[in-house]
Novice: 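Here it is: the structure, laid out below.
A, B, ... follow the sequence lines: proteins, then strands. Residue 1 opens every chain.
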2 protein chains.
Amino acid sequence: MNQLKEALETLKETGVRITPQRHAILEYLINSMSHPTADEIYKALEGKFPNMSVATVYNNLRVFREVGLVKELTYGDASSRFDFVTSHHYHVICQDCGKIVDFHYPGLDEVEQLATHVTGFKVSNHRMEIYGSCPECTAKEEKKEVQH
Amino acid sequence: MNQLKEALETLKETGVRITPQRHAILEYLINSMSHPTADEIYKALEGKFPNMSVATVYNNLRVFREVGLVKELTYGDASSRFDFVTSHHYHVICQDCGKIVDFHYPGLDEVEQLATHVTGFKVSNHRMEIYGSCPECTAKEEKKEVQH
DNA sequence: TTATTACTTTATAATTGTTATAATTAGTTT
DNA sequence: AAACTAATTATAACAATTATAAAGTAATAA
């Protein structure tokens, strides 16, 4: 149940030192139900750590990613978003407002297997995202249509 | 058969002017069996168009994307790669050398439908990529193992 | 304890992919 | 041809991220 405790345990096991900053970043990632950017994390912890550098946030997010605690979701020019890894899930992303909603679905093992077979790759993982318009944005769009 | 001709036809239909630069970029995208970055395209066409600006490449790739001729694959900080849209296919990406291989697979309509149902989003499309190690890199890796 | 070493954070500079801007050129429409 | 619109160029700006060097902190060894 206590994800933070488990995460800290993982850090210990992998020999990653648990600094106050790391603790805080992890805690924030777990509690935040959103998928924050590095900058959002940085700003959120400004109160607690007035001297913390942005680089620290980036460094530690990378550390967490390498240990497998955190997933990085990249979007070209825009900021990456970071997601504390819990169970296997995908993301549904609103193309209008950028909102990200978790979407639980069994892993696409079949696809991985076929890809292995067809390409000869040693497949390790995959990424899937679903794009569309969230209910709120869809509603707004329809309102506009009516006014025309 | 002639993809370039079809693409130019699409441009005409959508009222996008066919400039020499656009023609060349499209041609390069279609003939290149790789998935070039904007910069690669820029460099490849330097000979033909010594005065062409990088901005032109970016602008036109955006135009092509908006018309649906081209797909943009974003990777966080790293350069986007651009893929001329042919039939529906996915990509298998080597995490060691970055090679991208096309992978034909029926669209994941089922997943989109479920996402629509569960999240209330108006789903328009999805993105899937498979990551792993290509045969060449796997071989290299195994060679290393033996030497240890 | 003290000395040594390795890790971490901080502050800042540098890098890089991409976009915005303004001026120029080319194409279209009247 | 004149007026208008779109496209290209050259350059500057921007924003996300990373590299670097200095300073701080913790772990280990003597």
Side-chain angles (χ1 to χ4, degrees), chain A residues 8 10-28 35-67 69-83 98, chain B residues 7-8 10-29 35-67 69-83 98:
Chain A
L8 295 174
T10 307
L11 289 187
K12 250 188 207 163
E13 281 166 19
T14 48
V16 174
R17 209 177 276 170
I18 298 165
T19 66
Q21 292 91 335
R22 284 184 181 159
H23 191 283
I25 293 172
L26 261 186
E27 196 175 20
Y28 181 77
H35 307 74
T37 63
D39 198 60
E40 278 163 16
I41 298 171
Y42 172 64
K43 292 220 171 89
L45 301 181
E46 226 170 17
K48 257 191 204 164
F49 301 88
N51 302 339
M52 188 170 62
S53 165
V54 215
T56 301
V57 177
Y58 277 103
N59 286 341
N60 291 329
L61 286 172
R62 177 158 34 79
V63 170
F64 296 155
R65 172 160 51 80
E66 285 165 358
V67 183
L69 281 177
V70 161
K71 266 208 172 174
E72 179 175 1
L73 315 161
T74 62
Y75 304 101
D77 210 21
S79 304
S80 287
R81 296 189 163 274
F82 295 87
D83 189 26
Chain B
L8 295 174
T10 307
L11 289 187
K12 251 188 205 162
E13 280 165 19
T14 48
V16 174
R17 210 178 274 169
I18 299 164
T19 67
Q21 291 90 336
R22 284 184 180 159
H23 191 282
I25 293 172
L26 261 185
E27 196 174 19
Y28 182 77
L29 264 171
H35 306 72
T37 63
D39 200 59
E40 278 164 15
I41 298 171
Y42 172 64
K43 292 221 171 89
L45 301 179
E46 226 170 18
K48 257 192 204 164
F49 300 88
N51 301 338
M52 187 169 63
S53 165
V54 215
T56 301
V57 177
Y58 278 103
N59 287 340
N60 291 330
L61 287 171
R62 177 158 33 80
V63 170
F64 297 155
R65 172 159 52 80
E66 284 165 358
V67 182
L69 282 176
V70 162
K71 266 207 173 174
E72 180 176 359
L73 315 161
T74 62
Y75 304 100
D77 208 21
S79 304
S80 287
R81 297 189 162 274
F82 296 87
D83 188 27

Novice: Between C:dT9, C:dC7, D:dT9, which nucleotide has the shortest distance from any of its atoms to the side chain of A:Asn59?
Specialist: C:dT9

Novice: Is it the case that the base of C:dA11 and the side chain of A:Ser53 share a donor-acceptor contact (distance under 3.5 Å, atom types as modelled)?
Specialist: yes

Novice: Out of the candidates B:Arg62, B:Arg81, B:Arg65, only one should pair with B:Glu72 under the salt bridge (charged side-chain N to carboxylate O under 4.0 Å, His left out) rule; please name it.
Specialist: B:Arg65

Novice: Using only side-chain N and O atoms of B:Ser80, determine if any of them is under 4.0 Å from OP1 or OP2 of C:dT18.
Specialist: yes

Novice: The side chain of A:Ala38 lies closest to which of these nucleotides: D:dT17, C:dT18, C:dT12?
Specialist: D:dT17

Novice: I'd like to know whether B:Ile41 forms a side chain to side chain contact (heavy atoms under 4.5 Å, CB included) with B:Leu61, so could you lay out the CA-CA distance, the side-chain angles of the two residues, the decisive distance to 0.1 Å, and finally the verdict.
Specialist: CA-CA 10 Å; B:Ile41 298 171; B:Leu61 287 171; 4.1 Å; yes

Novice: C:dG17 C1' sits how many Å from B:Leu61 CG, rounded?
Specialist: 13 Å

Novice: Nearest whole Å is fine: how far is D:dA26 C1' from A:His23 NE2?
Specialist: 17 Å

Novice: Tell me whether the side-chain N/O atoms of B:Tyr58 come closer than 4.0 Å to OP1 or OP2 in C:dT19.
Specialist: no

Novice: Find the distance B:Lys48:NZ to D:dT9:P and express it as a whole number of Å.
Specialist: 14 Å

Novice: Locate the shortest heavy-atom distance separating A:Leu45 from A:Tyr28; write the atom from each residue and the value.
Specialist: CD2-CB, 4.4 Å

Novice: What does A:Thr56 touch in the nucleic acid at a heavy-atom separation under 4.0 angstrom: a base, only the sugar-phosphate, or nothing?
Specialist: base

Novice: Between P on C:dA11 and CD on A:Glu46, what's the gap in Å once rounded to a whole number?
Specialist: 12 Å

Novice: How close do A:Ile18 and A:Leu8 get, heavy atom to heavy atom, and via which atoms?
Specialist: CD1-O, 3.7 Å

Novice: Which heavy atom in B:Arg17 sits nearest to a heavy atom in B:Arg22, and how many Å separate them?
Specialist: O-NH1, 2.8 Å

Novice: Would you tell me if any nitrogen or oxygen in the side chain of A:Ser79 comes within less than 4.0 Å of OP1 or OP2 on D:dA15?
Specialist: no

Novice: Between B:Thr19 and D:dT8, does any side-chain N or O lie under 4.0 Å from OP1 or OP2?
Specialist: yes

Novice: Where each residue is assigned the nucleotide of DNA chain C containing its nearest heavy atom, which of B:Asp39 and B:Arg17 is assigned the position nearer the 5′ end?
Specialist: B:Asp39

Novice: Rounded to the Å, how far apart are B:Ile25 CD1 and D:dT8 P?
Specialist: 8 Å

Novice: Among C:dT8, D:dT9, D:dT5, which is the nearest nucleotide to the side chain of B:Ala55?
Specialist: D:dT9

Novice: Grab the CZ-P distance between A:Phe49 and D:dG24 for me, whole Å please.
Specialist: 18 Å

Novice: Which heavy atom of A:Ala38 sits nearest a heavy atom of A:Val57, and at what distance?
Specialist: O-CG1, 3.6 Å

Novice: Quick one: label A:Asn60 by what it contacts on the DNA or RNA (base, sugar-phosphate, nothing), any heavy atom closer than 4.0 Å.
Specialist: sugar-phosphate

Novice: Tell me which of B:Ala78 and A:Met52 sits closer to the 5' end of DNA chain C, going by the nucleotide each one is nearest to.
Specialist: A:Met52

Novice: Does a side-chain N or O of A:Arg22 approach OP1 or OP2 of C:dT8 to a distance below 4.0 Å, or not?
Specialist: yes

Novice: Tell me the interatomic distance from B:Phe82, atom CZ, to C:dG17, atom P, rounded to whole angstroms.
Specialist: 12 Å

Novice: To the nearest Å, give me how far apart CG (A:Leu73) and C1' (D:dA16) are.
Specialist: 16 Å

